[in-house]
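Taking it in order: structure first as structure tokens, then the write-up.
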Protein chains: 2
Amino acid sequence: MTDPKPTDRADAAKPVRTITDLARIAGVSAGTVSRALSGNSLVNTKTREKIEAIAREHGFRPNQMASRLRRQKTGVIGVAIPLGHDVQQQISDTFFMTLLGFLADELTAKGYDLMLRRVVPSNDEDWLDRFIGSGMIDGVVVIGQSDQFERIEEVADGYLPMVVWGNHQEGQRHCVVGTDNRLGGKLAAERLIAAGATSLAFLGDTDPIEFAARFGGAKEVADKRNVPIRALPTHLSPGQVSSEIAAHLEVIQHEADGVFAATDTIAATCLQEMRTKGIVVPNHVKLVGFDDLPIASQTMPPLTTIKQDIAAGAKGLVDLLLRRMAGEDTESLVLPPHLVARQTA
Amino acid sequence: MTDPKPTDRADAAKPVRTITDLARIAGVSAGTVSRALSGNSLVNTKTREKIEAIAREHGFRPNQMASRLRRQKTGVIGVAIPLGHDVQQQISDTFFMTLLGFLADELTAKGYDLMLRRVVPSNDEDWLDRFIGSGMIDGVVVIGQSDQFERIEEVADGYLPMVVWGNHQEGQRHCVVGTDNRLGGKLAAERLIAAGATSLAFLGDTDPIEFAARFGGAKEVADKRNVPIRALPTHLSPGQVSSEIAAHLEVIQHEADGVFAATDTIAATCLQEMRTKGIVVPNHVKLVGFDDLPIASQTMPPLTTIKQDIAAGAKGLVDLLLRRMAGEDTESLVLPPHLVARQTA
DNA sequence: CTGAAAGCGCTAACAA
DNA sequence: TTGTTAGCGCTTTCAG
């Protein structure tokens, strides 16, 4: 059998695809190669070096798929982003992306890979079971409960290594890490009222439970202070938001002098729309956002907002997940939000 | 054999973990179950329905690890983000995150999963070979060449299914999709000069080749017009940038009336710093950014910038990658940048 | 249309 | 210290 193609590239002709090929070349058994390459077990130093040399020379890497199948663990963490209440919302949403970034940093530091899956639950009943049951991941973090609270609860009953970013409800069964949204809402309303607002509006969708809690908190203090408050719905996708806000501006102008935006993104857009309408912030209307994304400090005037500590959140998610993967049934982690006072309220 | 633990949960006691378990219950062979579940082959409708029913009842999912090992394809695309020139830069960089978001949308639409890996090449010589050789992915997209141009070239010689987001060099061997950075730089400089600038500064690191090309383009038109231009280095990590820019402001104030920021993020920060120093944009200094991130339209005044079409880029990456996975040796794709004229120049 | 059997590439006892 | 063996859970010929 002649090899008809000349080795026109330095590293062509590499028939070393498996541990067995390598074993043959090295004159040892596959088992020995496996041990040598995994560094673990007792292998004669000379043998190991020889094997490593050959591996390097041929650019050989053990097939992870096979290894992981055999060892029944994958070394990858699934990250699911359910896009439930607003299919238009892209995964590119800034808040989620930032959290994802920190998550990737954190997971990488712990030696795990990250498998990202964007899901649209309305098209796909059992997205979560599918992900978990795929055998591709050792654990899962769900970013955002969206409108899938119930489904997540169900799954949590039978699957330990799952942690969810989102809102904490009294008595819920799944492990969540997230900001105390209700408290955040309170802080926002208090700030608005302290700044002189006498009638409030909440700008954003109140369906997602995180947002509902923010509104709920704000409403609680508004009610207590006898300040009226109303919810003005918007979507999350950048396209629609501008015009929706513009449509709300009329009522804001006449009936509200304090606006609590569900997110900084909404707040920033709102600020823009107000400027085009000649509404002066904070003189005519006070405004507070939520998240403290980078943009909050770069609007003009800079946005007063409720800060979520995203880095701490990511760290918490990973920490709890690893403990759950080790069998511990961890409690949820609720992080305190903080008022960041800038110039819009 | 009695089952000692009462089924206190609806879905407890599920010993159906493998296709073989299921086969036993259904009274057929493993092969048949496999065929039934994959939907592909010819299976008696009744048999299939029975198998599907049992699978549903027990919440059974075929193990993807095993399936993929056997079929020698994984259905996952690796996405590597090399953090070379600036280790401090987090994966959370807005531009990359946005691109990643679109990529996830695009890949999901084509039925692929996405495995994200953040790499620090300086700690890890052969990050790319490791990723590719892992057997975990069918193809790879590298987001950003960072300072790894040569390494990517080497790998490209022996591995077809790879596409890179970045800058295109004459005669390069790896398939890249990206914006024509040089042209973008030209557009920026032309705009600045047309707006009346007589001395230019480029604000940003010129090491990464994308940025070098932006600077190169700007320099080309500046030289042609006899306008001086200088590079003022900054890093990319949010922490450092503010103070670095502040430090540069002195020279900008005295020696430049047109600044071309390497990215919108830098431009936005610059805008802020200038305001604190009382420098009025665009009256005292003209400013143009690069990327057209959402923030560009939300600064005050809104940023004139060079737009990269990120969505088209993501689509291009996926399209080319899939063709390469099918064996085609595709050309690179260079997208045209566009000037978005707002109010800073 | 279905069963039997042979692996995908690797790891982990168990012997030697 | 190393080789041998038996699979991980699934897919896919090849017979029947």
Side-chain angles (χ1 to χ4, degrees), chain A residues 14-52 54-55 58-76 113 129-138, chain B residues 14-52 54-55 58-76 113 130 132-138:
Chain A
K14 254 195 274 178
V16 186
R17 296 256 55 93
T18 81
I19 219 170
T20 315
D21 297 339
L22 181 27
R24 189 165 35 242
I25 297 183
V28 295
S29 77
T32 302
V33 175
S34 173
R35 287 184 282 253
L37 260 28
S38 68
N40 265 337
S41 321
L42 319 312
V43 183
N44 183 307
T45 314
K46 291 204 107 157
T47 330
R48 151 171 293 119
E49 280 166 0
K50 181 177 179 183
I51 290 172
E52 283 172 345
I54 300 178
H58 293 266
F60 171 78
R61 316 264 168 212
N63 181 309
Q64 294 303 318
M65 222 70 186
S67 164
R68 290 168 174 186
L69 169 60
R70 178 57 230 247
R71 314 166 49 175
Q72 297 294 77
K73 43 123 46 213
T74 68
V76 2
D113 279 316
D129 315 72
R130 276 252 296 282
F131 203 20
I132 289 169
S134 72
M136 291 284 294
I137 58 180
D138 291 340
Chain B
K14 255 196 270 179
V16 186
R17 296 257 56 93
T18 81
I19 218 171
T20 314
D21 297 340
L22 182 27
R24 189 168 33 243
I25 297 184
V28 295
S29 77
T32 303
V33 174
S34 173
R35 286 184 282 254
L37 259 29
S38 67
N40 266 338
S41 323
L42 319 314
V43 182
N44 182 307
T45 313
K46 288 204 109 158
T47 326
R48 151 172 292 118
E49 279 167 0
K50 180 177 180 185
I51 290 172
E52 282 172 344
I54 299 178
H58 293 265
F60 172 77
R61 316 267 167 208
N63 180 310
Q64 296 300 317
M65 223 70 189
S67 163
R68 289 166 175 187
L69 170 60
R70 177 57 228 247
R71 316 167 52 173
Q72 297 294 78
K73 46 133 31 224
T74 68
V76 4
D113 279 315
R130 278 252 297 281
I132 289 170
S134 73
M136 291 285 294
I137 57 180
D138 291 339

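Order of the sequence lines fixes the chain letters, A, B, ..., with proteins taken first and strands second; residue numbering starts at 1 for each chain.
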Atom pair distance, as rounded to whole Å: CG in B:N63 and P in C:dC8
18 Å
Atom of A:A23, atom of A:S29 and distance for their closest heavy-atom approach:
CB-C, 3.6 Å
Measure from CG on B:L69 to P on C:dG7 and round the result to the nearest Å.
14 Å
Answer yes or no: is there a donor N or O on one side and an acceptor on the other, between the side chain of B:K73 and the main chain of B:R68, under 3.5 Å?
no
Does A:R71 reach a base, just sugar-phosphate, or nothing at all? Heavy atoms under 4.0 Å.
sugar-phosphate
Calculate the interatomic distance between A:R70 atom CZ and D:dT5 atom P; express it in whole Å.
16 Å
Send over the distance from B:L22 CG to D:dT11 C1', rounded to a whole Å.
15 Å
Does a nitrogen or oxygen in the side chain of B:Q72 sit under 4.0 Å from OP1 or OP2 of D:dT11?
no
Nearest whole angstrom, please: distance from the P of C:dC10 to the CG of A:L37.
9 Å
Shortest non-hydrogen contact from A:D138 to A:T74?
OD1-N, 2.8 Å
What is the nucleic acid contact for B:S34, judged by heavy atoms within less than 4.0 Å: base, sugar-phosphate only, or nothing?
base
Counting distance only, does the side-chain N/O of B:D113 pair as donor-acceptor with the main-chain N or O of B:V76 below 3.5 Å?
no
Between the protein and nucleotides 1-3 of chain C, list the N/O to N/O atom pairs that are separated by less than 3.5 angstrom.
residue: C:dT2; atom: OP1; partner: B:T47; partner atom: OG1; Å: 2.6
residue: C:dT2; atom: OP2; partner: B:N44; partner atom: N; Å: 2.8
residue: C:dG3; atom: OP2; partner: B:S29; partner atom: N; Å: 2.9
residue: C:dG3; atom: OP2; partner: B:S29; partner atom: OG; Å: 3.1
residue: C:dG3; atom: OP2; partner: B:T32; partner atom: OG1; Å: 2.5
residue: C:dG3; atom: N7; partner: B:R35; partner atom: NH2; Å: 2.9
residue: C:dG3; atom: O6; partner: B:R35; partner atom: NH1; Å: 3.3

Show the numbers, then the answer: is there a side chain to side chain contact (heavy atoms under 4.5 Å, CB included) between A:T47 and A:K50?
CA-CA 5 Å; A:T47 330; A:K50 181 177 179 183; 5.7 Å; no
Heavy-atom distance under 4.5 Å between the side chains of A:R61 and B:I132, does that happen here?
no
Write down the distance between CD1 (A:I19) and C1' (D:dT2), rounded to a whole number of angstrom.
14 Å
Take the protein atom CE of B:M136 and the nucleotide atom C1' of C:dG9, then report the distance between them rounded to whole Å.
14 Å
Heavy-atom donor-acceptor pair, A:S38 side chain to A:S34 backbone, under 3.5 Å
yes
B:K73 NZ to C:dG9 C1', in whole Å, measures 18 Å
